Visitor: 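Handing you a structure now.
We name chains A, B, ... by the order of the sequence lines, and we start the count at 1 in each one. Predicted model, so just to flag it, every value in this text is computed and none were measured. The figures here come from the full heavy-atom set of this structure, side chains too, leaving out hydrogens, waters and symmetry mates.
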4 protein chains.
Amino acid sequence: MAFSPLDSTLLGPLFTTPEMAAVFSDRAYVLALLRVETALAKALFRLGRAPAGLAEALAALQPEAFDLNEIGRQTGRAGVPIIPFVAAVRRRLPPEFEPAFHAGATTQDISDSALVVQMRAAFALIAADAAAVIAGLAALANRHRLLPCIGRTYLQHAAPITFGFKAAIWLYGIAEVCEALPDLQRRVLVASLGGPVGTLAGLGSDGPALAAAFAEALGLGSAPIAWHTRRAAIVETGQWLNRLIGALAKFARDVVLLSASETAEVSEPLVVGRGGSSAMPHKRNPVLSENLCGLARLVRGMVTPALENVALWHERDISHSSVERMIAPDSTITLDFALARLTQLVDGLVVYPDNMAKNLARLGGLIHSQRVLLALTEKGLARDEAYVLVQRNAMPVWQGDGDFLERLKGDPAVTRVLGAGELEALFELSYHLRHVDTIFEKVFG
Amino acid sequence: MAFSPLDSTLLGPLFTTPEMAAVFSDRAYVLALLRVETALAKALFRLGRAPAGLAEALAALQPEAFDLNEIGRQTGRAGVPIIPFVAAVRRRLPPEFEPAFHAGATTQDISDSALVVQMRAAFALIAADAAAVIAGLAALANRHRLLPCIGRTYLQHAAPITFGFKAAIWLYGIAEVCEALPDLQRRVLVASLGGPVGTLAGLGSDGPALAAAFAEALGLGSAPIAWHTRRAAIVETGQWLNRLIGALAKFARDVVLLSASETAEVSEPLVVGRGGSSAMPHKRNPVLSENLCGLARLVRGMVTPALENVALWHERDISHSSVERMIAPDSTITLDFALARLTQLVDGLVVYPDNMAKNLARLGGLIHSQRVLLALTEKGLARDEAYVLVQRNAMPVWQGDGDFLERLKGDPAVTRVLGAGELEALFELSYHLRHVDTIFEKVFG
Amino acid sequence: MAFSPLDSTLLGPLFTTPEMAAVFSDRAYVLALLRVETALAKALFRLGRAPAGLAEALAALQPEAFDLNEIGRQTGRAGVPIIPFVAAVRRRLPPEFEPAFHAGATTQDISDSALVVQMRAAFALIAADAAAVIAGLAALANRHRLLPCIGRTYLQHAAPITFGFKAAIWLYGIAEVCEALPDLQRRVLVASLGGPVGTLAGLGSDGPALAAAFAEALGLGSAPIAWHTRRAAIVETGQWLNRLIGALAKFARDVVLLSASETAEVSEPLVVGRGGSSAMPHKRNPVLSENLCGLARLVRGMVTPALENVALWHERDISHSSVERMIAPDSTITLDFALARLTQLVDGLVVYPDNMAKNLARLGGLIHSQRVLLALTEKGLARDEAYVLVQRNAMPVWQGDGDFLERLKGDPAVTRVLGAGELEALFELSYHLRHVDTIFEKVFG
Amino acid sequence: MAFSPLDSTLLGPLFTTPEMAAVFSDRAYVLALLRVETALAKALFRLGRAPAGLAEALAALQPEAFDLNEIGRQTGRAGVPIIPFVAAVRRRLPPEFEPAFHAGATTQDISDSALVVQMRAAFALIAADAAAVIAGLAALANRHRLLPCIGRTYLQHAAPITFGFKAAIWLYGIAEVCEALPDLQRRVLVASLGGPVGTLAGLGSDGPALAAAFAEALGLGSAPIAWHTRRAAIVETGQWLNRLIGALAKFARDVVLLSASETAEVSEPLVVGRGGSSAMPHKRNPVLSENLCGLARLVRGMVTPALENVALWHERDISHSSVERMIAPDSTITLDFALARLTQLVDGLVVYPDNMAKNLARLGGLIHSQRVLLALTEKGLARDEAYVLVQRNAMPVWQGDGDFLERLKGDPAVTRVLGAGELEALFELSYHLRHVDTIFEKVFG
């Protein structure tokens, strides 16, 4: 019975998508290893150094053919899974294929190349799931492009925005991280074949050609020099995941804040059995969003150990492998789960325009004070003088007494400068929305 | 088929002990939840507010009675496992028990108390496994109490020590962290029963007495005020695990360094199938130790998210729960595995006294230069003058030319101050070992 | 002109208290080093191995006597400040004192002992400043012990609490961390005197006695075995600071949330020139609190490197020193600044009881639904049946239509079970406050 | 007197370069702010909305004209430095310039744009200093392209490499991180001008054009939508610095390891007054390298807080500012110092080819066992059979008894398959070096 939260029957549904779990299952790992050995066999064959049948024999092997329990036990003893895996494969090959099998490779060549093959699949899932979130946010943004709501700084009402503008910021924060993915993939999706110390010496007199053919067979890039102790691209992957989940958490955090009982501008999709409280039947807990905020902390933590992996020792140093074996699945699974949840959240987000309007009005018009201040100075008042006029009308309103526009209209020192019509114009929401279309063009154009 | 490294058939043996895995299995989690609900029933009964049979009925329930797949599915929907769990238990209780079941508790009371119950079991395993490591190191230290070897600063030969002294530092580094465990447990092993906002209001007019009886029934401490958003003790647990694995990694790191081909003062236990290289039959890779160094990075990373959990919001904020659900099992399992491996390492460590002697002699006696310097100044030479004498004899030796003692004996400016016998005495190892017994008394006394 | 934010004329006032800055000034560091050398001289004298005058001569030296620029330049070259410092002191001593000066100590003994001396002063400041925050929160809690406000879970209105209860949770979160300080100090405030590899060999035949006398002269504890590469206590200090600033940030975060324009239950002290906005004259930005939330992140980050310092190499390994030289001042200064700001915040916090009452009423009585549910089941209704009754009256209210109590009174299926008086009693706030006094006794008693 | 290590007279030389310190001095900060306000004035003028003289008046202001102590004091009160800075500038402007000054900008627009201006200067320094390190390593690599030394895995001798190959790995690890800088700069070096909530509303009817003109005047990029709460590029900068210092630390760590007394293949440049020990005149402590390893931990820690800055709240949230104000200077200064030190280290590194040869021979030829194994199987022996032959000759040699080649020559089971000449050929170093030129072409070509 599983015990880690990711694999747990009980808790897994709070951390894991089946699709990404399949990328990192034991079966998938064995398949990736077999695929790597097959590619090596193909490359050797191409250079005339392996029989044609070896690659076919390896490609025909299925994970089910192996006793994973036994390999696991030997892994515990050997300290690395590749040694027992290679031995198990060798036992399944006809003797004539043996010399060419795994020839010249070091264990780390196999496990690093397999890791990259798995990461390629992980990236593909993440890219697709991120695209779904972005599409959802684009629809949300465009649907509410001109729906006014209050903009907030430090949770204080500042000036009007639109809900679509807010969604566009969420979207752009996620999209700009995703834009860096192709470059990242180019750096990460690189095969490893250098032999124990990376010199290619054991790969034969045509070692460099073999390494190139191997990378090509895997559809991966080729490194100019061994990356056994150069893990910057792996680290960068973790850092990228980190920025991505940060951008997701920005959205989730805002949803939690907007769902506050006092604010109530949005709520999570109402799903039977979710977010309710057995004790408090009126509760609409934003559990998807809160969950995401926690997941972001987890992914942040997962990446920290990777940073220590950059300064590895000499030509090889196995200390990074425990770290990468853990964080590669854990961080991508957690992230993919976050993306899947976010799609649900975006697509089902309930928006309350009435409450947005109520909140816009909540401060009695004070959110327009900046415009009033500006208008007074534009009419020639000194800045300090204008400030005094605004403040003496704003303060009572802030204390709950009256409406800012009405007060201004009743202050002769103000009306001497600004007529009633001019004052009313300063309170129009359209002023704040006038550049939203231009901004949308830049974001979506 | 599992995919997370911890549960993986293939990789689990590099991360997990079966004993700690059992503490956090789905089965154990359900048992902990049942135990907590049973304790609540007992407390209610004691205050005359639940029928006698409720606690017995709950205590009789076994995890096998529940459809964990179904609860898992509902957990994915509800966002927390307690809501479907409570519903599933309720369905198994006779109707007359229903009103008293789970009365007054909030979901977080149940899950926090269950977490603490699981942590108690985790602490017990860790304490026992740490004691085994400490006992092993004590035996190692005492066995080699007076075995001389070189002491190193920045990997440079500095002055002689004994291998037992070195082991005593390893031991004390681990032991001093373990000494803090009882205090930590006192702070962590505290029941939670406060209701949704921690006021005890829903627990009845005798709420405080109920909370105390509940804690007593679980054998846990009782908090003066709700800890729903006070997670310092949980964070401290992670920090303690962090210091502990750091102390283990100090030992492991030194073993890797001492195993270097050039140094070769120790090697890991020779076990068939471990640490060898398919490619390089002479290799004795320190895989246990390297593995441990990687695990230490992992645990460090696991704890980072916990630190963000301290500043939770208002009376409850579920964002910490994803984090704690992950790091509680992951960090304790990883740590327990590290302890188990370390016991193997300590108990089987191969020590090479001949190589220690060779290394002590490697610098041609230069490691005694400090004593010579001191002796010259004690004989009345000015410090600068003495320094010059030492340096002019030391530098050729450092460049591989001759032996320091012989050179000194041949330098009249030296022998004018220190006779041959005096010089020889300065090269005696016993000088460096004279306080080792006193230090051992302090460490082991 | 300074450039680091801590020393910056412009930005320093956002990070630094003058008191803690004085603890870590260059002057204070030199004084600490002199104090350590003086203690060594006293210890040597006590064992008859130094002339009486040495300690006096050292104690008489003032930092002003040294050319710090020159020592700094040499430090850049030497890699450690102690070597040029010792040379500079030596030049100021009469020749007859020279042999006994610094005798037997290694540079790390001096710098570690000086670090501890500075940390002792830092702890004293922190303890005093934390006590001020706690006292302020105690006054706040007691002043508002029975002031009702809404309790929130995930920012959703859950059930009533009192503002004093909330403050008591803030207070207890800080106080419980502070309670661990004496134990921590006992572990950290320990002198170092072991010589280059910690064997005490170079300290003479009475080395252990010398080390004890040295520790006593400094008023510090004495380590059973060298802590050159055992940094757990230093790490623990960082972890403790981390928990402390986390507890402070919990309070600050809640203040930000409670200050939100829609919530407006508290605001930061109104100080001329603070938190206002040049553009928006009505703004009351919670700048003290927001600042604190950022500082908490900083301190979290500062501690991370310390965790890597536990696994140091062999008998000495200077890699920790850059880390500790930076995080000791930076984290304690930041923390002390946070405490100083928090005292201002607590003492001047503006509380708006009217808004608390408004917010309590905001959901039309729905926050009492749990009690209604319970009362219905206590009257014999099945749980599901009761839930339906509550939900059908709650949902319209949640959608803004009517008052929950009035609706219940109008639902015959409800009134058949609960009379109007009984229903009204269920909406009384006093129910939720009934255990607050008991809780206060536990927290403050 | 300064107290933070970075500004400290005593410790600063271990953390800081004067060039980078100048980028972040108070003076430079005020200049950056003035430059940003000047750019805004130019943009306003271009759109006909400011008098020509405003930009000139602002450009003419010097930091020396301001009372930084007073601005600092007000900053402590205001919580942000921009408010008192803007007021101080305003007081220095003729009244007719006042209305256009700072028009439409929010404080964060100014401080973010100034941060970016400072970061541009910081990137330029880092790029130049990294180029110097890379050039130094390229010279080192080419100088020792074919100097044989042992390659190590887990500190165990594995197979021969060349010292130039090792240096090429160091170089490529640094260079590949530097290659990502232009892309990063494109993402980071972006102006901010959006007004308080980012809608450009307050910037006038031609707000978008003004924002574009402003960015152009600063020579910065222009964001499609406000980045007040989108900090991914800032975070990415920290992550990049982290990867860079990791790559530097890889080199430094290897230098420490290669300098070990037993290994002694390199040493740090011998500089009078550095790395020596007052107590141990023969010591050559690798202080530059050890220092770098500590600095890498520091930078790792500095970046952690940035990761939490991604999930900021709503349209603005000042909590990131304390973090960025600290980590921008601290991390770039520390990194630049690391680069400067590394250049010294690379340029002056002392290489000991004799010791490399000695170490290559240390295992009695066992490092060639892999080739022997391969040759035996290529001659038709089964792998297991060949392994037995290799092991039975290797083990005695590993235990210090004899030479591997001689033993093989004396084992008839071996010589039956491989003649003496064939065996000798297997021990030739040239085999291991045969692809080094090709690899160099890829790295340097």
Visitor: How are the rings of B:His368 and B:Phe427 set relative to one another: parallel (under 30°), tilted (30 to 60°) or perpendicular (over 60°)?
Guide: tilted
Visitor: Can a side-chain donor-acceptor contact be found between B:Glu268 and B:Ser259 if the only test is distance below 3.5 angstrom?
Guide: no
Visitor: Determine the interplanar angle of the D:Trp313 and B:Trp313 rings, folded into 0 to 90°, and report it as parallel if under 30°, tilted if 30 to 60°, perpendicular if over 60°.
Guide: perpendicular
Visitor: So which of D:Thr263, D:Val397, D:Thr304, D:Ile150 has the biggest tally of heavy-atom pairs under 4.5 Å with chain B?
Guide: D:Thr263
Visitor: Which answer fits B:Phe404, side chain, backbone, both or neither, if we ask what part of it has an atom under 4.5 Å from a heavy atom of chain D?
Guide: neither
Visitor: Between D:Leu257 and chain B, with a heavy-atom cut-off of 4.5 Å, which part of the residue counts as in contact: side chain, backbone, both or neither?
Guide: both
Visitor: By salt bridge (charged side-chain N to carboxylate O under 4.0 Å, His left out), which residues pair with D:Lys358, not counting sequence neighbours?
Guide: none
